[in-house]
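Report on the structure given below.
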Amino acid sequence: MIQHMNLVFQAEGLTVGEGAFLMACCNHTDAKGYVIAHMQQIADEAHMSLRSARDQRARLEKRRLLKAGERFSPKNGAQLANLFRINLDLLASMKRKRTDYGPSLVEELTFDEGPEEKPRSSPPAKFAAPPSNPPADLARPPADLASPQANLAGAGAAKSASLLLPSSDPSSLPPRAGAAPDADASLGTVPVGERGNEASPEGHNSGAEVPQQREGSSKSAAAGGRVVAAYAAALGRPVLNGTRAKLERQAVELLGQGLPEAWLCDRARELAARGWADLVQHAERSTAPIKQPREVPGAGRPGLPEWCGECGDGTGTAARLNPRFRKVGSEDARELCPRCHPDRVVPTTA
C-alpha cells in the first residue's frame with residue numbers, strides 16, 4: 001500500500017538494503033501489513049540477488065521490523081509463497097523529525113502588498129548586441145583582400161556551377177557529349193520498383209509455397225496436434241503453451257523422419273505418465289517395436305530391407321525407418337550402406 005511505502009520513506013535508521021526490501025514488501029501489503037509473496041519475487045522487485053534478499057530479511061527480523069514464515073502445500077509438500085508481516089507500529093515510530101530544508105526555488109515569492117521585489121540576478125539576454133566601435137585589432141581588412149562572395153560572383157558561371165551539390169534526380173544531370181537531346185526520353189525509364197520484377201524469370205515465385213508443400217505441412221501439423229492431444233489426455237490436465245509448442249514441433253520432426261503416428265501417440269502417453277516433456281529424447285531411447293509394413297506378394301517393389309544397425313551414425317530409429325539415413329563413411333565422403341540400403345541390396349525373390 002502507498003501509505004506503508006510512505007512510512008518507509010519517512011523512517012530513520014534504515015540501510016539501503018533494508019529500505020529496498022521493505023519497499024518491495026509494501027508493494028503487496030494489506031491494511032494490517034500482511035504480505036504473500038515468494039522470496040524471488042521480493043528480490044527481483046528490490047533489485048537485489050536472492051542471497052542479499054535473505055540477508056536483509058534476517059536483519060529486519062532481528063530488528064523486529066519483519067516477521068516471516070514459510071508455507072508448504074498439505075497435498076504434496078511443495079513450498080508455496082512465503083507469508084510476511086511488517087511491524088507497522090514500530091515502523092511509524094521511526095519517523096524522522098520534521099526538517100526545514102530551506103527554499104527550493106531560486107527566487108522567493110511572498111504574499112505581502114509591499115513593493116515588487118527585484119530579482120537577485122537579471123536574466124541573460126538572448127543575443128548580445130555587437131559593439132558600436134570595434135577595437136583596433138578588429139579593423140576592416142584592406143581593399144585588396146576582397147570577400148570570398150565577391151570572388152565567386154565575378155568568377156563566372158562555370159566556377160559557380162562546379163560548387164553546386166550533386167542531385168539524385170537524373171533530369172538535373174547535364175547531357176552527354178554527342179548524344180541526342182531526346183535519346184534518353186525515347187528509350188523510356190523503368191521505375192526502380194519494377195526492375196526487380198523484370199529481371200526475374202517469368203513465372204518464378206521465390207517466396208511462395210507450392211500447393212503440395214502446403215498440403216504436406218498441414219497434414220504434418222494436424223498429425224502433430226493429435227500426438228499432443230494424446231499427451232494431454234494421458235496427463236489429465238491442460239498442457240502449458242510452451243510445452244504444447246515444443247511437443248508439436250518435435251512431433252512434426254519425428255513424423256517427417258518416417259515414424260508412425262500411432263507409435264508416437266503411444267510414446268507421448270508414456271511421456272505424460274512419467275512427467276517428462278521431451279518427445280525426441282524419449283523416442284530415441286524407446287525400445288518399443290515399430291510395426292513395419294509387410295511385403296505384399298506380387299507387388300512391384302519389395303519391402304524395405306532390415307536395418308543392419310551399423311550405419312546411420314547413431315540416428316537409430318530414423319535409419320531403421322528411412323533408407324536415406326543408411327549411409328556409411330566420413331561426412332565428406334558418404335556412401336550408401338552395402339548391407340541394408342535398398343539401392344545396394346539385391347532383393348531376394350521366393
Side-chain angles (χ1 to χ4, degrees), residues 1-128 237-246 275 277:
M1 296 179 66
I2 189 64
Q3 295 86 351
H4 301 162
M5 291 184 179
N6 195 21
L7 292 179
V8 179
F9 283 133
Q10 298 178 357
E12 187 176 14
L14 294 177
T15 62
V16 176
E18 293 172 350
F21 190 93
L22 287 176
M23 288 295 294
C25 291
C26 290
N27 191 30
H28 306 279
T29 52
D30 60 0
K32 296 185 178 181
Y34 283 97
V35 181
I36 297 179
H38 289 276
M39 277 296 299
Q40 185 62 53
Q41 180 182 2
I42 298 297
D44 293 341
E45 295 180 0
H47 300 280
M48 61 180 63
S49 63
L50 183 60
R51 181 176 180 180
S52 299
R54 288 172 178 170
D55 294 341
Q56 301 301 330
R57 167 185 164 182
R59 295 175 183 175
L60 292 172
E61 286 181 342
K62 187 176 181 180
R63 299 183 60 177
R64 302 183 63 84
L65 285 171
L66 182 72
K67 189 69 175 180
E70 298 180 349
R71 300 189 308 154
F72 298 92
S73 174
K75 295 183 179 181
N76 52 11
Q79 186 175 3
L80 303 176
N82 296 343
L83 178 64
F84 302 93
R85 186 177 183 182
I86 299 177
N87 193 343
L88 300 178
D89 297 334
L90 181 56
L91 191 61
S93 65
M94 298 173 59
K95 182 178 179 179
R96 70 173 64 90
K97 296 181 180 180
R98 185 177 180 85
T99 306
D100 184 12
Y101 297 101
S104 58
L105 299 175
V106 177
E107 305 299 338
E108 194 172 69
L109 300 179
T110 61
F111 296 94
D112 298 336
E113 297 296 335
E116 184 178 0
E117 297 181 359
K118 295 183 180 180
R120 297 179 183 176
S121 60
S122 58
K126 292 185 178 180
F127 300 98
R237 59 175 176 83
V239 185
L240 299 178
N241 294 335
T243 306
R244 176 180 294 274
K246 174 184 176 181

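Atoms considered below: every heavy atom in the structure, side chains included; atoms not considered: hydrogens, waters and symmetry mates. All residue numbers in this chain count up from 1 along the given sequence.
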Which value, rounded to the nearest 0.5 Å, describes the distance between [X] atom [atom1] and [Y] atom [atom2]?
{"X": "Met39", "Y": "Arg51", "atom1": "CE", "atom2": "CZ", "answer": "13.0 Å"}
{"X": "Leu7", "Y": "Leu22", "atom1": "CG", "atom2": "CG", "answer": "10.5 Å"}
{"X": "Arg64", "Y": "Asp89", "atom1": "CZ", "atom2": "CG", "answer": "12.0 Å"}
{"X": "Leu14", "Y": "Arg59", "atom1": "CG", "atom2": "CZ", "answer": "12.0 Å"}
{"X": "Ile42", "Y": "Asn27", "atom1": "CD1", "atom2": "CG", "answer": "8.0 Å"}
{"X": "Leu65", "Y": "Cys25", "atom1": "CG", "atom2": "SG", "answer": "11.0 Å"}

Checking side chain to side chain contact (heavy atoms under 4.5 Å, CB included) between Tyr34 and each of Ile86, Leu83, Thr29, which is the one that passes?
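When Ile86, Leu83, Thr29 are each tested with Tyr34, the side chain to side chain contact (heavy atoms under 4.5 Å, CB included) holds only for Leu83.
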Partner of Glu45 under side chain to side chain contact (heavy atoms under 4.5 Å, CB included), chosen from Gln40, His28, Met23
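Option passing the side chain to side chain contact (heavy atoms under 4.5 Å, CB included) with Glu45: His28.
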Could you check whether any side-chain heavy atom of Ile2 comes within less than 4.5 Å of a side-chain heavy atom of Met5, counting everything from C-beta outward?
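A side-chain contact exists here, since the closest heavy-atom pair is under 4.5 Å.
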Closest contact, heavy atoms only, [X] versus [Y]:
{"X": "Arg63", "Y": "Leu90", "result": "O-CD2, 3.6 Å"}
{"X": "Glu70", "Y": "Arg57", "result": "CG-NH2, 4.5 Å"}
{"X": "Ala43", "Y": "Ser49", "result": "CB-O, 3.8 Å"}
{"X": "Lys32", "Y": "Arg85", "result": "O-NE, 3.4 Å"}
{"X": "Ala81", "Y": "Arg71", "result": "O-NE, 2.8 Å"}
{"X": "Ala68", "Y": "Phe84", "result": "CB-CD2, 3.5 Å"}

For the backbone of Glu18 and the side chain of Gln56, can you confirm whether one donor and one acceptor N or O come within less than 3.5 Å of each other?
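It does hold such a pair.
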